[in-house]
Amino acid sequence: LVPRLTLTLLGRMARHGATGSGEAEAVPGEAALMASVARSQAQAALWAEAAGRIAASKSHARAVSLDPGQTIIDTFLDLDATLAKARDAA
């Protein structure tokens, strides 16, 4: 469930950055998040790339029976690194 929700959020962030607008907030505070780290084409590209990496990692982990907990930790580390890049791209 966590990887699916994460990929959904990344897709929303990439779409918001690419189009400059997004859907209604799925959770409180989402609009503020989008406004700070998903407001430009450059930031959209970062989030789209992260979604691709995380999806590939999830598929690989499932294919070779890696520990799901470690995969989630790796996902959050990737998100943290992407967030730092998005803030720098602002």
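Between Ala44 and Ala18 the shortest heavy-atom distance is CB-N, 3.4 Å. Here the shortest heavy-atom pairing between Trp47 and Ala14 reads CB-N, 4.1 Å.
The closest donor-acceptor contact from the side chain of Gln43 to the backbone of Gly17 lies at 3.5 Å or more, if one exists at all. Checked by atom type and distance alone, the side chain of His16 never pairs as donor or acceptor with a backbone atom of Ser21 at under 3.5 Å. Panel note: side chain Glu49, backbone Arg53; no donor-acceptor pair is recorded below 3.5 Å. Side chain of Ser65 to main chain of Ala61: no donor-acceptor pair is present (N/O by atom type, distance under 3.5 Å, no hydrogens or angles). Remark: the backbone N or O of Leu83 is not paired with any side-chain donor or acceptor of Arg87 at under 3.5 angstrom.
In this structure, the side chains of Leu9 and Glu30 come closer than 4.5 Å at one or more pairs of heavy atoms. Looking at Met34 and Arg12, their side chains come closer than 4.5 Å, going by heavy atoms from C-beta outward. Contact annotation: the side chain of Val2 approaches that of Thr6 to within less than 4.5 Å [non-hydrogen atoms, C-beta and beyond].
Defined by atom type and a distance below 3.5 Å, a donor-acceptor pair is present between the side-chain atoms of Asp78 and Thr82.
Put simply, CG on Asp74 and NZ on Lys58 are 15.0 Å apart, with the number rounded to the nearest 0.5 Å. We find the CZ-CD1 distance between Phe76 and Ile54 to be 9.0 Å, quoted to the nearest 0.5 Å. In this structure, the separation between CG on Leu66 and OG on Ser57 is 8.0 Å, given to the nearest 0.5 Å. Here Leu10 contributes atom CG and Leu79 contributes atom CG; the two are 5.5 Å apart, rounded to the nearest 0.5 Å.
Note on Val37 and Leu46: separate hydrophobic clusters, where clusters join Ile, Leu, Val, Met, Phe, Trp and Tyr whose side-chain heavy atoms are under 4.5 Å apart, directly or indirectly.
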Side chain to side chain contact (heavy atoms under 4.5 Å, CB included), that's the test. Do Arg62 and Thr71 meet it? Break it down for me.
CA-CA 9 Å; Arg62 181 171 286 148; Thr71 303; over 6 Å; no

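Checked against side-chain hydrogen bond (donor to acceptor under 3.5 Å, both in side chains), Thr75 has no partners two or more places apart in sequence or in another chain.
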